[in-house]
Each structure stands twice: as structure tokens, then as C-alpha cells.
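Input: a single structure, listed below in C-alpha cells.
This structure is a prediction, so every number in the text was calculated from the model and none was measured.
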Amino acid sequence: MSTKTALVTGATGLLGRQVVKAFERADWSVKGTGHSRADGVAVLKVDLAKPDEVEAVLDKIKPNVVIHCAANRFPDKCDKDPEGTRALNVTATESLASLCATRDILLVYISTDYVFPGKPGDAPYEVGATPQPTNLYGQTKLDGERAILSVFEKENKPGLGVVLRVPVLYGDAEMPAESAINVLMDTVWKAQEPGTTIQMDHWALRYPTNTEDVGRVCHDVAAKYLATEDRTSLPRILQFSSEDKLTKYEICQTFAEIMGLPITAIKPNTEGNDPNAAVQRPYDCHLSTAALKQIGVDVSTQDFIAWWRWQVRAFRK
């Protein structure tokens, strides 16, 4: 029986499921929390907006580390529900941080590259670069970062609160809509329907990163921080990203090549953000992984094309 225990919030989500698996592979005892998809056994039903429920699960599981994946993470949905987004991304995060800090539990908060403005020429962003989100999602995640770092600082336990920023994610999904990358495979199929024309962004640069890789990094970060006696020497903010640089249109091109399908119905849109759009997206938020490298964490990632060939069993000779 493992003496190390991890608790993963948002354990039923795209990333959370892979974080759970990563800790299980390393022979940790792992429990997850979820809400609508929680089964009550492997994944406990916990409303993160209710501190008493969170406190009860922390005292029951007694984790060494909490990986906080739960978030409202789709920019358009965030804009339509700003109150709900702030409640989960900021208020619940601060409450969880307080409960972890008083119990000496390491908390790893999953954040986003969208905390940065992504202006042409700025990237790659180091961990100390000045954040300047372009939309509500990025702002609430930045506010969540500041909340947890402040809580652990006030408790004089700064090394127990860690931020891990990641870019757009893809991986093993229960449904394509879980990922802004996976869903583009559906778009390629839709483009095969007669009379279809689809405008696809060919402006913003994305760095799609596999959830399995992020799960491994979460484990490696937890192991490193828990094994370090003087955590004040370790960074408070870390960043992880693949180096695969693609626009959404280029991702569609990649999928079409893998599947052997034409995409003449998908038209590249190079105009960038519509100035009248509610959600403004950054151009290039590429994250530097230097801080992870400095503490000895492996930042290698799976090859994007190879993973998708395997996923759809489209091996090419």
C-alpha cells in the first residue's frame, strides 16, 4: 500500500483523468473529486464552492498533494457565465488553498497560457513575464494564481503552493468537444458534407499539448516538491508546453492528411480577432519550460502527428 496520496479535483475531466492515471502508474494512492460525472467511489462528488464539503474530503483522504484541475476553461462559456466562472476559478480556488495551507498539503494549481497577452514578438514567455490576459477566462485563472500564492505566503508556507501553466490540451477524450483540438477532427469530417463551407482560424499560434504528458509532469512536480526539505528554493510558478506550433487551420490540414480526406471546404481565416467579438484571443502565448528544466523535470512531449496516427489507427507505410 502506497504511503503517498494524491487528490485530483476535476478528475472526470479531460486533464483530470490523465493526472489520476499518472499518479496511479507511480503507485500512489489516488482519489479524485468531481461533480456531475462523479461515481462516488473512485471519484468523490464534491462541490468545490462549498468549503465544508472540501474540508470533509481533505480530512477523509489526507492527501500529500492536491492537483487542482477543476475549472471553467472554455473562454466563450466563461464570458456567458462570468459569476459562475469567478466562483469556480477564483473563489473556490482561494478556499481550497486556505484549507490545504492549514493542513500542510502541497497544492498544484493548473493555470493557462492565456494569462499572457500573446502579442506578436513577445513569446516565449518566461514564468516571470508580466501577465495581461485578453479575456475573462485568462483573467480568472490569473486571479486564481494570485489567490493561492497569496494564501500560502500569508501562512508562511510559500513552497506548498505551486502554479503550473499549460496551453491548449488534447488527448484521450470521452467526447471530442472536451478539447478545442480533438473537436477539429469532427470539423474535418463535417467538411466532407456537400455544400459545406467552414471558416477556420489561421492566425493564432497554438501549442497543443497531450494530457498524458501534463499528468506525468504533475506527478514529477509533486514528487520533487515533497522530497525537497527547503522548498523556498523552488519556483512558485512553473510552465509546461509542447513545441508543436500550429494554427487551427494547420491542425485541420494535419488531421485531413492523416485521414486521407480533402479539406477544400475549410477556408483559412488570417484576419485575427474580430474587434467586435466578446472574447479576444491572443496571437502567440508560447510558454517557456525553463523553470521546469531547472528543477530537473523532463519536459519532453509526445509527437502530435504520431499520437493522432495512433489514435485513429491511421498508420502510414
Side-chain angles (χ1 to χ4, degrees), residues 13-15 69 71-82 84-86 88-90 110-127 129-145 163-171 173 176-188 190-191 197-211 214 239-255 263 266-288 304:
L14 179 75
L15 176 58
C69 300
N72 188 343
R73 60 186 177 85
F74 294 101
D76 293 308
K77 290 183 180 178
C78 291
D79 228 54
K80 290 171 183 171
D81 182 18
T85 297
R86 287 194 178 279
L88 179 56
N89 291 2
V90 186
I110 304 299
S111 190
T112 173
D113 57 347
Y114 270 28
V115 299
F116 293 118
K119 295 173 183 174
D122 281 2
Y125 289 98
E126 301 294 339
V127 293
T130 303
Q132 190 183 347
T134 64
N135 54 50
L136 179 67
Y137 165 63
Q139 185 62 55
T140 59
K141 292 301 290 182
L142 176 59
D143 291 345
E145 286 187 12
V163 170
L164 176 62
R165 295 173 181 150
V166 296
V168 65
L169 303 177
Y170 73 94
E178 281 192 311
S179 161
I181 303 302
N182 290 49
V183 77
L184 295 177
M185 184 66 83
D186 278 3
T187 303
V188 170
K190 185 175 176 58
T197 301
I198 300 168
Q199 292 290 320
M200 185 57 61
D201 180 63
H202 191 34
W203 173 75
L205 301 175
R206 313 304 299 272
Y207 299 83
T209 300
N210 195 284
T211 50
V214 180
Q239 297 177 160
F240 180 59
S241 173
S242 80
E243 298 300 317
D244 294 315
K245 179 170 67 174
L246 299 156
T247 66
K248 283 190 172 183
Y249 179 73
E250 288 169 336
I251 292 168
C252 289
Q253 285 182 311
T254 299
F255 288 167
I263 56 164
I266 301 179
K267 308 300 181 186
N269 180 357
T270 59
E271 294 177 5
N273 281 305
D274 176 352
N276 298 315
V279 177
Q280 298 292 306
R281 284 174 165 79
Y283 167 68
D284 181 2
C285 287
H286 190 206
L287 299 171
S288 164
F304 183 73

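Among all heavy-atom pairs drawn from S242 and P208, the shortest one is OG-O, 2.8 Å. Taking both residues in full, the closest heavy atoms of L14 and A173 are given as CD1-CB, 3.9 Å, listed atom of the first, atom of the second, then distance. Of all heavy-atom pairs spanning V183 and A177, the tightest one is CG2-CA, 4.1 Å. For F255 against V188, the heavy-atom pair with the smallest separation is CB-CG2, 3.9 Å. Minimum interatomic distance between A204 and P282 (heavy atoms only, all atoms of both residues): CB-O, 3.6 Å.
Taking the side chain to side chain donor-acceptor pair (under 3.5 Å) definition, one finds that E126 meets it with S288, sequence neighbours left out. Evaluation of the salt bridge (charged side-chain N to carboxylate O under 4.0 Å, His left out) rule for R206 yields no partner, not counting sequence neighbours. Residues passing the salt bridge (charged side-chain N to carboxylate O under 4.0 Å, His left out) test with D143 are R86, sequence neighbours excluded. For K190, the salt bridge (charged side-chain N to carboxylate O under 4.0 Å, His left out) partners at least two apart in sequence or on another chain are E193. Residues satisfying the side chain to side chain donor-acceptor pair (under 3.5 Å) criterion with N182, sequence neighbours excluded, are S179. With sequence neighbours excluded, the residues forming a side-chain contact (heavy atoms from CB on, under 4.5 Å) with Y283 are P120, W203, L205, listed by chain and number. For Y137, the ring pair (Phe, Tyr, Trp, His ring centres under 6.0 Å) test picks out no residue, with sequence neighbours left out. Applying the side chain to side chain donor-acceptor pair (under 3.5 Å) criterion to D113, with sequence neighbours excluded, gives no partner residue. Among residues two or more places apart in sequence or in another chain, the side chain to side chain donor-acceptor pair (under 3.5 Å) test is passed with S111 by E145. Checked against side-chain contact (heavy atoms from CB on, under 4.5 Å), A129 has the following partners two or more places apart in sequence or in another chain: F116, Y125. Remark: K80 engages no residue in a side-chain contact (heavy atoms from CB on, under 4.5 Å) (not counting sequence neighbours).
Taking CZ of F304 as the start and CD of E243 as the end, the distance is 14.5 Å to the nearest 0.5 Å. For the atom pair OG1 (T112) and CG (L287), the distance works out to 7.5 Å, reported to the nearest 0.5 Å. The distance from the CG atom of L164 to the CD1 atom of I110 is 4.5 Å, given to the nearest 0.5 Å. The NE2 atom of H202 sits 11.5 Å away from atom CD1 of I251, with the distance rounded to the nearest 0.5 Å. Expressed to the nearest 0.5 Å, how far OG1 of T209 lies from CG of L15 amounts to 11.0 Å. A distance of 4.0 Å separates CD1 in I266 from SG in C252, rounded to the nearest 0.5 Å.
At least one side-chain heavy atom of H286 sits under 4.5 Å from a side-chain heavy atom of S241.
Side chain of T140 to main chain of V90: no donor-acceptor pair is present (N/O by atom type, distance under 3.5 Å, no hydrogens or angles).
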Step-by-step side chain to side chain contact (heavy atoms under 4.5 Å, CB included) determination, Y170 to T211: CA-CA 6 Å; Y170 73 94; T211 50; over 6 Å; no

Derivation and outcome, side-chain hydrogen bond (donor to acceptor under 3.5 Å, both in side chains), residues D284 and Y207: CA-CA 9 Å; D284 181 2; Y207 299 83; 3.1 Å; yes

Stepwise side chain to side chain contact (heavy atoms under 4.5 Å, CB included) test for V163 and R165: CA-CA 6 Å; V163 170; R165 295 173 181 150; 4.1 Å; yes

Give every donor-acceptor pair under 3.5 Å between a side-chain atom in residues 72-79 and any protein atom, sequence neighbours left out.
| residue | atom | partner | partner atom | Å |
| --- | --- | --- | --- | --- |
| N72 | ND2 | T85 | OG1 | 2.9 |
| R73 | NH1 | E178 | O | 3.2 |
| R73 | NH2 | E178 | O | 2.6 |
| D76 | OD2 | R281 | NH2 | 3.2 |

